[in-house]
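Here's the structure we're looking at; comments come further down.
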Amino acid sequence: MQISIKNRNYFALSAVSFLHLFAWSAAMSFFAIWLGQHLGIGATKTGLLYSANALAALCMQPVLGFISDKIGLKKTLLFTILIILLLIGPFFIYIYGPLLVSNFYLGAILGGIYLGFIFNAGYGVIDSYINKVSIKYGFEYGRARMWGSFGWAAATYTTGIAMNINPNLAFVSASLAALIAIICLSMAKVEISDVEMKKANSVSLKDIKHLLQNKDFLFLLFFMIGVGCVYDVYDQQFGVYFVSQFESQAEGNRWFGDLGAIQTFFEAIFLFVTPVIANKLGAKRRLILAGTIMSIRIIGSSLEWGPLWIAAVKCIHSFEKPLFLVGQFKYISKNFDLRLSASIYLGCLCTSSICASIFSPFFGSMYESIGFSQSYLYIGIVAGICTLISQKLLISDNKRVIDYKEIILAEEKMQEQRNKK
């Protein structure tokens with residue numbers, strides 16, 4: 001029985017999402033713990049490394065977003081990201097780790113450029129591409145991205161074990177995941193019509209200029225900074241906080257790996273059902289609900305009621321992340337020009353990266369000066385206030401969702417009529 005193009009692309013791109021996030025998790029889910037336990041790097045310098053990654057990414061994200069929209073549904077950029085990702089094992093083992101010990105700032109710069117490209121910026125390119133293909137072939141983006149969460153969960157579980165044996169095993173597994181992802185991407189068959197090529201070619205810098213002058217886009221950026229970015233920076237060193245709740249680091253590492261796998265597994269399950277909930281809630285209300293849950297989770301982390309409580313708070317991530325992730329794309333497709341979807345999404349990521357580069361060392365310094373618990377209370381209050389403000393700023397769901405496929409078919413029909421005349 002021949003598999004349909006729709007299903008073929010769904011499975012191929014789901015596999016790419018699984019493997020890319022597997023590689024990202026294998027390399028980065030225990031990043032702060034690896035730095036502290038194996039390289040002896042403290043919270044402030046760890047914050048600087050996250051800042052370096054964010055700074056490098058912010059330089060790349062708008063460029064990659066524009067290129068992604070300009071080339072449309074071509075897979076060239078995705079192949080480039082995955083081929084460079086292949087080198088992550090040797091990079092961590094022979095270059096990045098030794099450099100951070102011998103020449104910290106040089107290591108931070110090189111690591112920021114490399115990790116910023118393959119993960120912080122590359123993630124946005126891959127996700128926006130999957131979203132475009134899902135619109136074209138009629139499958140739900142959230143149900144493809146669900147496999148990415150399964151990939152993250154699988155890697156978090158195995159990395160928790162590897163950290164107590166040899167961290168290099170995790171980095172090697174990330175390279176292997178990249179190799180398989182390249183094979184899976186080559187199996188996707190995305191047909192590109194002349195109309196789609198014309199749409200992609202019509203994207204220009206003038207469109208980006210108009211986008212930057214759009215107040216609705218600026219309001220979306222405010223939400224992404226005040227809620228999304230603040231939450232991401234809060235989550236960066238959460239592993240260090242969680243491990244500190246245990247008597248030994250080895251026990252904490254093991255439990256954090258198990259917890260991360262469980263949390264991400266449920267995140268994947270919720271991603272599967274999110275499209276149904278999404279259609280009932282609407283894009284704006286989904287984002288606001290996600291922001292509310294995020295704020296509650298951050299404030300809940302400030303209550304030091306033992307590892308079981310901290311673990312329960314961590315698991316809340318399973319519900320708010322799918323709402324936030326799918327909500328972004330639904331909100332963008334509902335309220336903005338779909339030709340610029342990658343530019344808009346990566347523009348949001350870029351703005352978040354700019355703010356993360358500022359917040360990361362500041363938060364790291366807070367953790368060392370007043371402790372995680374007190375810091376989380378202040379961070380949670382800020383996220384909550386920004387969520388309340390965004391309730392007023394974001395666009396209500398009063399527009400019909402733009403169907404990209406309908407637009408293409410309509411233009412193709414018009415073109416045929418012109419040719420007949």
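Source: prediction; values computed, not measured.
- F119 and W24 have parallel rings, their planes meeting at less than 30° on a 0 to 90° scale where 60° marks the start of perpendicular.
- A heavy-atom distance below 4.5 Å is not found between the side chains of K284 and I395.
- In terms of modelled atom types and a separation under 3.5 Å, the side chain of S25 and the main chain of L21 share no donor-acceptor contact.
- Dense packing is recorded around CH2 of W34, with more than 12 heavy atoms of other residues, nucleotides or ligands lying under 6.0 Å away.
- Note that the CG atom of L49 and the CG atom of L115 stand 9.5 Å from one another [nearest 0.5 Å].
- Considering only heavy atoms from C-beta on, S173 stays 4.5 Å or farther from T158 through its side chain.
- Salt bridge annotation for K330-E140: present, with a cationic side-chain nitrogen under 4.0 angstrom from a carboxylate oxygen.
- Residues F222 and V227 form no side-chain contact, since every pair of their non-hydrogen atoms from C-beta on lies 4.5 Å or further apart.
- Relative to the six-membered ring of F104, K45 meets both conditions, a distance below 6.0 Å and an angle of at most 45° to the axis.
- Residue R285 holds its CZ atom at 12.5 Å from CG of L323, rounded to the nearest 0.5 Å.
- Using a 4.5 Å heavy-atom cutoff, the side chains of F219 and S390 are not in contact.
- Between atom CZ of residue F223 and atom CD of residue Q328 there is a gap of 8.0 Å, rounded to the nearest 0.5 Å.
- When the shell of 6.0 Å around CZ of F79 is examined, it contains more than 12 heavy atoms from other residues, nucleotides or ligands.
- Side-chain polar atoms of S301 and R297 form no donor-acceptor pair below 3.5 angstrom.
- Contact annotation: the side chain of F362 never approaches that of V233 to less than 4.5 Å [non-hydrogen atoms, C-beta and beyond].
- By the 4.5 Å heavy-atom criterion applied to side chains, F217 and F336 are counted as neighbours.
- A donor-acceptor distance shorter than 3.5 angstrom exists from the side chain of R8 to the backbone of M187, with no hydrogens or angles considered.
- No more than 12 heavy-atom neighbours from other residues, nucleotides or ligands sit within 6.0 angstrom of NZ on K74.
- In this pair, F91 and Y96 present their aromatic rings parallel. The plane angle is below 30°, not in the 30 to 60° band.
- Taking SG from C184 and CZ from F11, the interatomic distance works out to 12.5 Å, rounded to the nearest 0.5 Å.
- For the pair I113 and I109, the minimum side-chain heavy-atom distance is below 4.5 Å.
- Ring centroids of F363 and Y50 are separated by 6.0 Å or more, keeping the two rings apart.
- Here Y234 and Y231 bring their ring centres to under 6.0 angstrom of each other.
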Problem set entry | Chi angles and distances behind the ring pair (Phe, Tyr, Trp, His ring centres under 6.0 Å) call for Y241, Y376 | CA-CA 11 Å; Y241 176 57; Y376 287 163; 5.2 Å; yes
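- Ion pairing of D127 with K132 is absent here, as no side-chain N (NZ or NE/NH1/NH2) approaches a carboxylate O to less than 4.0 Å.
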For this session: Before giving the answer on ring pair (Phe, Tyr, Trp, His ring centres under 6.0 Å), spell out for F150 and F18 the whole-Å C-alpha distance, their side-chain angles and the decisive distance to 0.1 Å.
Result: CA-CA 6 Å; F150 280 131; F18 178 97; 7.7 Å; no
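- Between the side chains of R286 and Y331, no donor N or O sits under 3.5 Å from an acceptor N or O.
- The aromatic rings of F92 and F171 sit parallel to each other, their planes meeting at less than 30°, with 60° as the upper class boundary.
- Interatomic distance, CG of L340 versus OG of S68, reported as 11.0 Å (0.5 Å rounding).
- Distance check: Y123 OH to L64 CG gives 15.0 Å after rounding to the nearest 0.5 Å.
- Checked by atom type, the side-chain pair S134/Y10 shows no donor-acceptor distance below 3.5 Å.
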